[in-house]
Amino acid sequence: MPGDGAKARAIKEADLDIAIIGAGFSGMYMLHLARDVLHLNARVFEAADGVGGTWYWNRYPGARCDSESWYYSYSFSSELEQEWVWSSRYPAQPEILKYLNHVADRFELRSDMQFNTRIINADFDDHDNTWTLAAESGEQVTTRFVVAATGCLSSRNTPDFKGLDGFDGDWYHTGAWPHEGVDFTGKRVGLIGTGSTGIQATPVIAAEADHLTIFQRTPNFSIPARNAPLSTEEAAEIKANYAEIRAKCKSSDNGFPFEVTERLAKDFSAEERDAIFTELWDLGGFRLLASSFADLTIDESSNESASDFVRAKIRGMVNDPDVAEMLLPTDHPYGTKRPPIDTDYYDAYNRDDVTLVDVRRAPIVEITKTGLRTEDGEYELDALVFATGFDAMTGALLNMNVTGSGGRKLGDAWEAGPRTYLGLQIAGFPNLFTVTGPGSPSVLTNMPVAIEQHVEWIADCIEYLQNNGLTRIEAKDDAQEAWVDHVREVADTTLFPKANSWYVGANVPGKSRVFMPYVGGLTLYREKCNEVAANQYEGFAVSN
Ligand SMILES: Cc1cc2nc3c(=O)[nH]c(=O)nc-3n(C[C@H](O)[C@H](O)[C@H](O)COP(=O)(O)OP(=O)(O)OC[C@H]3O[C@@H](n4cnc5c(N)ncnc54)[C@H](O)[C@@H]3O)c2cc1C
């Protein structure tokens, strides 16, 4: 400090203006804006050896988007959306990965991306207002800003089953599927998990394997996707109406261009409700949830009518009444867990070579040399598939061992669950931004819409700092506390917290139970973010 006799340490120039961690939808767009619009010295660090994020890692059989192709895509370039051709309503993983590779080439992103680089440490220096990132390889880099584009669903959750190491067969996690694929022909396969991923994988693995045994803890409400190729006429119509489709997504609460309804279930008779559900069931996908009744995720009786409707459909699709009964979800309201959509999921249970095992009634005890043992019996298996999801929303951030201002550890700050201001920053961790962080609408949306909103907000924020000669931005504690309270209060007005979902961290043993995404809707959320920016970044401390 001047005057105290100590020698002032000179401010060091950082290697980078901005380090972006992750090369999925978020990191790629962030690089484009940071480098090509703001002209910053920017670099992406990615653990994988290519771009794509979710769509790089999740190559399991049946992996497919649940958002329709034409709006599960970037909206920032009309040339891009006009030139790209989607083959079907719900594209499979290889097609989305191809799209993201095309984006990387088209915007020449690769030259500023460093692959095979996992960041394992991030330390903030209060003196220089810079971050030092350390990679697994030992490489270090300093940067003024960090954008964690590390993904909400990128940190795999593999349950710690006794005996897995001694299993003689092969085992796979759907979120790290071998690039060369897996041939299950002639194999007895066990699949653990019946969330969105397990539901997509089941019919495809069933068709290939000698026998598929599905170990189910929680039955889910799955709606048929009704996937189909996109005809040239349909594609042309979408392209002609892109401006309208994007505007609808952006002004919606969930990033989907669906018709919004004000209808309340209680105002309709049981027959009328059934007719509405049937029409939306026939259209397929998320429409039943999004467009049937406005109070579906708020009002128990409204939800029960939808839940009953889906349960009746499941009974109608599964031939064996005992198996159908096991597949009926009864422990959570429809839509309060990530709603799966499927192609022929329930049909798979009508095959002779598919067995459903209820591991809530008789839990898994251990993986044996030759298979899997539950409290009820032993299953001989040649291969095991873990469709057990992710340490959602916080896993990838906590894995980076982040140390903020004054030596504060992110792990300590989030011990009782994640706390953020707007899901964009964390008090005590200056100059670190999170894309679709906890406390933002994120996983409750068609994510490219939420991602673009965040990336654009972050870019505008950095531009503001640059223009005003500011070098440091940090969420204030009181603003963060108020936002955390608001996120919780809004969630508590809904049925969401009732479910043991990954939204509340229930799938990871020991994780604090907090409803992590913001359920107040993208529209309100966007307005709040815009207002904060318009008021000179209200709720943030900015300085140089
Ligand atoms: C199977 C599956 C299906 C999905 N389907 C849909 C859907 O239908 N609709 C929808 O809206 N969303 C869907 N999602 C959510 C999907 O994750 C988002 O839509 C979107 O792809 C997220 O992009 P992202 O760039 O934010 O994160 P990601 O795509 O997850 O990318 C994050 C990247 O960061 C990298 N990374 C993480 N930590 C580090 C580190 N420490 N060092 C270096 N690199 C790191 C990871 O390797 C990864 O490549 C799905 C997710 C999954 C898993």
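As the structure lists them, so they are numbered: ligands from 1, and atoms in each ligand from 1.
Without hydrogens or angle criteria, W55 side chain to L100 main chain gives no donor-acceptor distance under 3.5 Å. No side-chain donor-acceptor contact under 3.5 Å links R419 to the backbone of A427. Of the possible polar contacts, one joining the D125 side chain to the D128 backbone as a donor-acceptor pair under 3.5 Å is found. At least one donor-acceptor pair under 3.5 Å links the side chain of S154 to the backbone N or O of T150. Of the possible donor and acceptor atoms, none in the side chain of N431 sits under 3.5 Å from a partner among the backbone N and O of F145.
Within the listing of ligand 1, atoms 33 (C), 34 (O), 35 (C) sit less than 4.0 angstrom from a heavy atom of G22. For ligand 1, the atoms lying closer than 4.0 Å to a non-hydrogen atom of D66 are 7 (C), 8 (O). For ligand 1 and N446, the ligand atoms under 4.0 Å from any heavy atom of the residue are 11 (O). Close contacts between ligand 1 and S154 involve ligand atoms 30 (O) [criterion: under 4.0 Å to a heavy atom]. Near T445, the atoms of ligand 1 lying under 4.0 angstrom from a non-hydrogen atom of the residue are 11 (O). Contact atoms of ligand 1 toward M400: 41 (N) (distance under 4.0 Å to a heavy atom of the residue). Per-residue contacts place F45 under 4.0 angstrom from the following atoms of ligand 1 (heavy atoms of the residue considered): 43 (C), 44 (N).
At the top of the distance list for atom 27 (O) of ligand 1, counting protein heavy atoms only, stands G151 CA, 3.2 Å. Of all protein heavy atoms, the one closest to atom 49 (O) of ligand 1 is E46 OE1, 2.7 Å. Given atom 37 (C) of ligand 1, the protein heavy atom at minimum distance is T150 O, 3.5 Å. Residue, atom and distance of the protein heavy atom nearest to atom 3 (C) of ligand 1 are W55 CH2, 3.7 Å. Regarding atom 9 (N) of ligand 1, its nearest protein heavy-atom neighbour is S67 OG, 2.8 Å. From the protein, the heavy atom lying nearest to atom 45 (C) of ligand 1 is I21 CG2, 4.0 Å.
Taking only non-hydrogen atoms, the option from Y60, F390, Y90 nearest to atom 53 (C) of ligand 1 is F390. Taking each of N121, N401, I119, N116 in turn, the one with a heavy atom nearest to atom 42 (N) of ligand 1 proves to be I119. In the candidate list P448, S26, G53, S26 is nearest to atom 26 (O) of ligand 1, counting heavy atoms. Between atom 16 (C) of ligand 1 and the options T54, V449, I451, L133, the minimum heavy-atom separation is to T54.
At under 3.5 Å, a nitrogen or oxygen of F25, whether backbone or side chain, sits near a nitrogen or oxygen of ligand 1. Any N or O atom pair closer than 3.5 Å counts here, and T436 shares no such pair with ligand 1. Below 3.5 Å of separation, one finds an N or O of Y72 facing an N or O of ligand 1. Residue M447 has at least one nitrogen or oxygen atom sitting less than 3.5 Å from a nitrogen or oxygen atom of ligand 1, judged on distance alone. Not a single N or O atom of R118, backbone or side chain, sits closer than 3.5 Å to an N or O atom of ligand 1. The shortest N/O to N/O separation between N58 and ligand 1 does not fall below 3.5 Å. Close N/O approach between A47 and ligand 1 is found [any backbone or side-chain N/O within under 3.5 Å].
Ligand 1 lies out of reach of Q114, whose nearest heavy atom is not under 4.0 Å from it. A heavy-atom separation below 4.0 Å is found between T117 and ligand 1. Heavy atoms of Y56 stay at 4.0 angstrom or farther from ligand 1. Residue contacts with ligand 1 include C65, since one or more of its heavy atoms lies under 4.0 Å from the ligand. Judged by the shortest distance from any of its heavy atoms, N399 lies outside the 4.0 Å radius around the atoms of ligand 1. A149 counts as a contact of ligand 1, since one of its heavy atoms falls under 4.0 Å from the ligand.
The distance between the ring centers of F258 and F286 does not fall below 6.0 angstrom.
Side-chain N/O atoms of E474 and S405 include no donor and acceptor closer than 3.5 Å. In this structure, a donor-acceptor pair under 3.5 Å is absent between the side chains of N58 and T54. In the model, S67 has a side-chain atom that pairs as donor or acceptor with a side-chain atom of N446 under 3.5 Å. Remark: the Q200 side chain and the D66 side chain contain an N/O donor-acceptor pair separated by less than 3.5 Å. With 3.5 Å as the limit, one finds a donor-acceptor pair spanning the side chains of E456 and Y29. If you check the side chains of D123 and T132, you find no donor sitting under 3.5 Å from an acceptor. Using a 3.5 Å distance cut-off with no hydrogens or angles, the side chains of S87 and E95 do pair a donor with an acceptor. Under 3.5 Å, the side chains of Y56 and D49 contain a donor-acceptor pair of N or O atoms.
Looking at R338 against ligand 1, only its side chain comes within 4.0 Å, counting heavy atoms.
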Begin from the C-alpha positions of N500 and R513 and carry the test side chain to side chain donor-acceptor pair (under 3.5 Å) through to its verdict. CA-CA 9 Å; N500 286 324; R513 192 182 176 108; 2.5 Å; yes
Does the pair F76 and F107 meet the rule for a side-chain contact (heavy atoms from CB on, under 4.5 Å), with working shown? CA-CA 12 Å; F76 70 84; F107 295 95; 3.7 Å; yes
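A cation-pi arrangement is absent between R106 and W84 under the rule of less than 6.0 angstrom and at most 45 degrees off the ring axis.
Note on E83 versus K239: no salt bridge recorded, every NZ/NE/NH1/NH2 to OD/OE distance being 4.0 Å or above.
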